[in-house]
Amino acid sequence: MKKFIPSQIFVEKEALSYNLTYEIIKKAENLNIPVIEDSFKKNIKNLSEQEFFSYSKRTIILGVNKNKKLDSCKPSADFQFSLVSGCPGTCEYCYLQTKHASSPYIKVFVNINEILDNIQGYIDKNKPNITTFELASISDPISVEHLTGSVSKTVEFFSKQEYGKLRLVTKFSNVDSLLNINHNKKTKIRFSINTDHIIKTYEHNTDPLDERLEAAAKVLQSDYDTGFIIAPIFIYDGWKKDYEDMLINLHNKLGDFSRSNLTFELIQYRFTLKSKDIILKRFPKTKLDLNEENRLRKWGPYGYYKYVYPKEQSSEIKEFFYDNLKKYFPNSTIEYFT
Ligand code: SF4
């Protein structure tokens with residue numbers, strides 16, 4: 001798919017002290033993207049919720065991340081950190097709808113050297129244990145990598161770490177700049193995949209399945225540790241056939257790599273009451289099933305209830321994927337089903 005080009009870039013005052021800001025501004029000028037040294041907030045007055053959301057999703061803000069205390073990121077990694085917050089994708093079910101309810105724009109943190117220095121501190125403190133970091137918990141940084149180059153720099157940083165490892169996940173195929181750099185097997189790239197039906201229905205402005213699978217084959221050829229997150233898994237008419245077709249497609253695209261040691265993370269569809277409210281405002285015609293009566297209520301780690309499939313359906317999903325992953329990817333590991 002065409003790479004994301006924002007409609008405008010705002011530059012916060014603090015960002016003016018960092019080189020990456022000027023690298024991005026130069027690219028923006030070549031692409032005729034307006035660069036605005038002003039407050040984003042001033043420009044969103046009087047917009048409706050949907051207008052605000054759509055304007056934000058086409059906006060990049062260059063800013064600085066001063067947060068030094070990292071959150072944990074179980075079960076995926078020890079800690080999470082961010083080079084970007086938000087994403088140009090507009091997946092209707094995205095949990096960032098809630099987390100970034102009032103800030104759905106894409107914020108690029110230009111103080112990358114400070115961020116990586118902080119990571120170095122965490123790695124050094126935990127030596128000789130290996131510390132793992134998730135890079136994509138509040139964003140999809142690959143979606144804007146052609147503008148930032150931040151993921152490549154971070155992969156190279158981790159390539160020199162004896163005691164640190166990086167993980168990231170994406171719904172985009174923008175990986176070419178990562179293929180010929182030294183990663184030293186310290187970075188694992190996972191692709192979030194779903195059936196064509198789910199991608200077309202809910203994952204707007206992300207790359208199609210085939211492009212994600214082709215990107216996965218490329219990173220495997222470049223010897224990256226690679227995995228897949230199948231999420232969110234939905235039950236709908238024909239779901240088993242569609243998900244099996246997706247796995248066959250993946251198997252065919254990967255060729256011999258389908259027998260390598262891939263990992264799979266499996267996450268069933270869920271929503272919270274807070275996300276339901278926001279989704280209905282932003283996507284009033286959504287086809288997502290947001291009826292809590294059809295769901296099992298489970299206490300979530302972030303202090304509110306989430307609604308998942310009832311036990312019987314959830315077990316059916318689990319059994320389906322455990323059987324089929326064994327069939328098509330015999331040497332793979334399922335890291336978790338949740
Ligand atoms: S691509 Fe990922 S981060 Fe972006 S909207 Fe979709 S689910 Fe959210």
Side-chain angles (χ1 to χ4, degrees), residues 1-6 49-50 52-61 65 71 73 76-77 80-109 134-148 150-151 167-175 189-213 215-216 227-234 246 265-272 274-276 278-283 286-288 290 300 302 306 338:
M1 201 171 90
K2 241 173 97 192
K3 289 177 185 147
F4 168 68
I5 302 295
E49 176 65 28
Q50 279 163 286
F52 163 67
F53 183 63
S54 149
Y55 182 83
S56 300
K57 283 284 183 181
R58 287 180 280 112
T59 299
I60 285 183
I61 302 178
N65 185 355
D71 289 331
C73 192
S76 153
Q80 49 183 291
F81 73 99
S82 309
L83 304 167
V84 179
S85 132
C87 148
T90 39
C91 304
E92 295 184 20
Y93 56 74
C94 177
Y95 92 108
L96 298 180
Q97 305 276 8
T98 319
K99 191 165 173 64
H100 292 165
S102 58
S103 51
Y105 44 72
I106 303 130
K107 189 155 188 178
V108 172
F109 301 122
E134 170 65 60
L135 185 60
S137 55
I138 59 160
S139 68
D140 189 322
I142 295 288
S143 65
V144 289
E145 177 63 8
H146 52 296
L147 299 170
T148 66
S150 309
V151 178
R167 290 160 72 84
L168 61 104
V169 59
T170 186
K171 283 186 167 67
F172 292 83
S173 55
N174 191 10
V175 295
I189 303 179
R190 293 114 81 219
F191 290 86
S192 170
I193 57 174
N194 221 313
T195 66
D196 281 320
H197 169 72
I198 294 300
I199 292 175
K200 282 186 192 128
T201 311
Y202 302 119
E203 298 184 358
H204 316 295
N205 302 318
T206 62
D207 283 348
L209 177 64
D210 277 351
E211 292 183 20
R212 294 182 209 175
L213 302 187
F228 297 90
I229 300 189
I230 306 177
I233 301 167
F234 287 91
M246 179 193 79
E265 295 157 75
L266 306 172
I267 305 172
Q268 61 169 303
Y269 167 60
R270 74 270 321 278
F271 64 90
T272 63
K274 198 168 171 198
S275 71
K276 174 179 173 173
I278 296 171
I279 292 167
L280 289 175
K281 271 189 207 139
R282 290 182 177 165
F283 304 97
T286 187
K287 294 194 175 104
L288 285 171
L290 294 162
Y302 301 108
K306 57 188 175 183
T338 177

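Just follow the structure's listing: the first ligand is 1, and inside any ligand the first atom is 1.
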Checklist entry - Which of the listed options, Cys91, Pro104, Ser139, Pro141, holds the heavy atom that is closest to atom 6 (Fe) of ligand 1? => result Cys91
Checklist entry - Measuring to atom 6 (Fe) of ligand 1, does Cys94 have an N/O/S atom at a distance below 2.8 Å? => result no
Checklist entry - Of the protein's non-hydrogen atoms, which lies at the shortest distance from atom 5 (S) of ligand 1, and what is that distance? => result Gly89 O, 3.4 Å
Next on the checklist: To check your reading of the model: name the closest protein heavy atom to atom 3 (S) of ligand 1, its residue, and the distance in Å.
Outcome noted: Leu96 CD1, 3.7 Å
Checklist entry - Does one side chain, of Ser85 or Lys107, offer a donor that lies under 3.5 Å from an acceptor on the other? => result no
Item to check | Positive for side chain to side chain contact (heavy atoms under 4.5 Å, CB included) with Thr206, one of Cys87, Cys91, Pro88 | outcome: Cys91
Checklist entry - Can you check whether Phe234 and Tyr202 have ring centres sitting under 6.0 Å from each other? => result yes
Checklist entry - Under 6.0 Å between the ring centres of Phe283 and Phe53? => result yes
Item to check | Under 3.5 Å side-chain donor-acceptor pair for Arg282 and Thr90 | outcome: no
Checklist outcome for this item: When distances are taken from atom 4 (Fe) of ligand 1, the protein heavy atom at minimum range is Cys87 SG, 2.3 Å
Item to check | Contact check, Glu203 vs ligand 1, heavy-atom distance below 4.0 Å | outcome: no
